[in-house]
Each structure stands twice: as C-alpha cells, then as structure tokens.
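This report refers to the structure that appears directly beneath it.
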Amino acid sequence: LLELRYRITWMAVSVVLGMIGFFIPQVGFTVIGWLLAPARTAVPDFRPQFIEPMENIAAFFRVALLGGLTVAMPIVVYHAMRFVAPALTRNEKKWVFPIVFGASAAFIGGVAFGYFFILPFTLSFLLTFGSDVAQADWRIGNYIDFVTRMLLIMGLVFETPLLVMALAILWNAMFDYALIFGHFGFP
C-alpha cells in the first residue's frame with residue numbers, strides 16, 4: 001500500500017504541476033480561445049454566455065485540469081507502469097518505456113484527432129441543427145464541459161490499442177500456462 005500511495009501521490013503532483021501553467025490567465029484564456037475556435041468556425045458569431053457567478057472560473061479550472069492531465073500523461077503512465085513492474089518478468093520490463101512513450105503519444109494523438117476532426121463536425125451539427133427554429137445559446141460551462149470530455153475520451157480511446165496488446169500478451173501467457181499444466185487457473 002505504501003508503494004501505491006507513493007505512485008498515486010507522484011501522479012497527482014504531476015497533474016497539479018501541469019495545471020499551474022494553465023492557471024496563468026494569458027495561457028488559460030488562450031487555450032479557451034482555441035477550444036472555442038471549432039464552434040466559431042461553425043457559427044461565426046458564436047459567443048457562449050455564463051449565467052452563474054462562478055461559471056467562468058469553473059470552466060477555467062476545467063481547462064486547466066485537462067491541460068495539466070495532458071502535460072502530465074507521460075508521468076502518470078510511467079508511475080502506473082512502475083507500480084506493476086515488480087510483477088513483470090525481465091523480458092516484460094523491457095516494454096515499460098516503449099509503453100510509456102506509446103501511451104503518451106497515443107493520448108496526445110487522440111486529443112489532436114478529436115480537436116481537428118471530431119469537434120468541427122460535431123459542433124457544426126449541434127450548433128446548426130434546427131437553427132431556423134431556435135438559436136443555440138450555450139453556457140460556457142456546458143460548452144467547456146462538452147469539449148473537454150470529448151477530447152479526454154478521444155485521448156483515452158486512442159490508448160485502447162495498448163490495452164488490446166496487453167490483453168493479447170496476457171491471453172498468450174494464459175494459453176501457454178494451460179498447455180503446460182493442462183488447465184486455466186492456478187494449481
């Protein structure tokens with residue numbers, strides 16, 4: 001349990017340190033401007049509104065959290081791998097750094113794919129569907145929540161090939177065990 005607490009602490013500290021850069025107003029509001037760009041491409045006069053007093057601040061914090069998680073992803077994956085490393089064989093331990101690099105690149109690639117390909121089409125549809133009947137007036141909190149969730153989910157979806165690879169290796173190991181001992185499970 002001490003090792004788990006140590007690894008989780010380092011993961012949390014890396015996310016918080018990653019968030020610090022996004023708390024600088026020039027950086028945070030620039031990122032919010034980037035997140036608003038796909039909606040403004042679909043609807044040129046798109047301007048989200050805030051209704052609640054803390055809504056702008058909550059949206060700002062959500063953007064900082066996603067930015068901190070994205071910046072800290074290599075450290076988060078590294079510590080997750082180092083937590084399971086004692087249970088790995090010498091041959092499996094050779095995969096730790098390639099998996100850390102691959103998972104980080106896949107996450108960033110998924111976020112980029114979501115931003116450049118998924119968001120423009122999704123927001124174009126959502127903002128213009130039924131526009132002759134009603135105008136889309138989104139709250140900034142709802143918009144940032146939707147966009148950050150889409151980007152986070154796309155980043156995680158792009159990491160599924162690594163999960164499939166790990167399951168294939170595990171299944172192969174289980175199959176080899178069954179061939180040797182004649183059954184699945186432990187003796």
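These values consider heavy atoms only, across backbone and side chains, with no hydrogens, waters or symmetry-generated copies.
The 12-atom threshold is not exceeded at CZ of Phe129, counting heavy atoms of other residues, nucleotides or ligands nearer than 6.0 Å.
How far CG of Leu152 is from CE of Met154: 11.0 Å, rounded to the nearest 0.5 Å. Put simply, CZ on Phe146 and CG on Leu151 are 9.5 Å apart, with the number rounded to the nearest 0.5 Å. Leu36 CG to Tyr143 OH: the interatomic distance, rounded to the nearest 0.5 Å, is 5.0 Å.
Minimum interatomic distance between Glu3 and Phe83 (heavy atoms only, all atoms of both residues): CG-CD1, 3.8 Å. Looking at every heavy atom in both residues, Ala42 comes nearest to Pro44 through O-CD, 3.9 Å.
Apart from Tyr6 itself, the hydrophobic cluster it occupies contains Trp10, where clustering links Ile, Leu, Val, Met, Phe, Trp and Tyr at side-chain heavy-atom distances under 4.5 Å.
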Would you give me the side-chain donor-acceptor pairs under 3.5 Å for residues 102-119, sequence neighbours excluded?
residue : atom : partner : partner atom : Å
Ser104  : OG   : Val100  : O            : 2.8
Tyr115  : OH   : Trp34   : O            : 2.6

Could you pull out every donor-acceptor pair under 3.5 Å between side chains of residues 60-74 and any protein atom, sequence neighbours left out?
residue : atom : partner : partner atom : Å
Arg62   : NH1  : Asp145  : OD1          : 3.2
Arg62   : NH2  : Asp145  : OD1          : 3.3
Thr70   : OG1  : Leu66   : O            : 2.8

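Applying the side-chain hydrogen bond (donor to acceptor under 3.5 Å, both in side chains) criterion to Gln26, with sequence neighbours excluded, gives no partner residue. With sequence neighbours excluded, the residues forming a side chain to side chain contact (heavy atoms under 4.5 Å, CB included) with Val43 are Asp45, Phe46, Leu127, Thr128, listed by chain and number. Partners of Asn142 by side chain to side chain contact (heavy atoms under 4.5 Å, CB included), not counting sequence neighbours, listed by chain and number: Arg139. Ile75 meets the side chain to side chain contact (heavy atoms under 4.5 Å, CB included) test with Ser14, His79; sequence neighbours excluded. Partners of Glu159 according to the salt bridge (charged side-chain N to carboxylate O under 4.0 Å, His left out) rule, which considers only residues two or more places apart in sequence or in another chain, do not exist here. Not counting sequence neighbours, the partners of Thr9 by the side chain to side chain contact (heavy atoms under 4.5 Å, CB included) test are Arg5, Val13.
Under a hydrophobic-cluster definition in which Ile, Leu, Val, Met, Phe, Trp and Tyr are linked whenever side-chain heavy atoms come within less than 4.5 Å, directly or via other members, Trp138 and Met54 are assigned to the same cluster. Phe23 and Ile144 fall within a single hydrophobic cluster, where Ile, Leu, Val, Met, Phe, Trp and Tyr side chains are chained together by heavy-atom contacts under 4.5 Å. Linking ILVMFWY residues whenever their side-chain heavy atoms come closer than 4.5 Å, directly or via other members, leaves Met11 and Phe101 in distinct clusters. Linking Ile, Leu, Val, Met, Phe, Trp and Tyr residues whenever their side-chain heavy atoms come within less than 4.5 Å leaves Ile8 and Val16 in two separate clusters. The cluster map of Ile, Leu, Val, Met, Phe, Trp and Tyr, joined by side-chain heavy atoms under 4.5 Å apart, puts Ile24 and Leu17 in different clusters.
Using modelled atom types, no side-chain atom of Glu55 and backbone atom of Phe50 make a donor-acceptor pair closer than 3.5 Å.
Among residues at least two apart or in separate chains, there is no salt bridge (charged side-chain N to carboxylate O under 4.0 Å, His left out) pair with a member in residues 76-85. Annotation: salt bridge (charged side-chain N to carboxylate O under 4.0 Å, His left out) contacts involving residues 117-136, sequence neighbours excluded, are absent.
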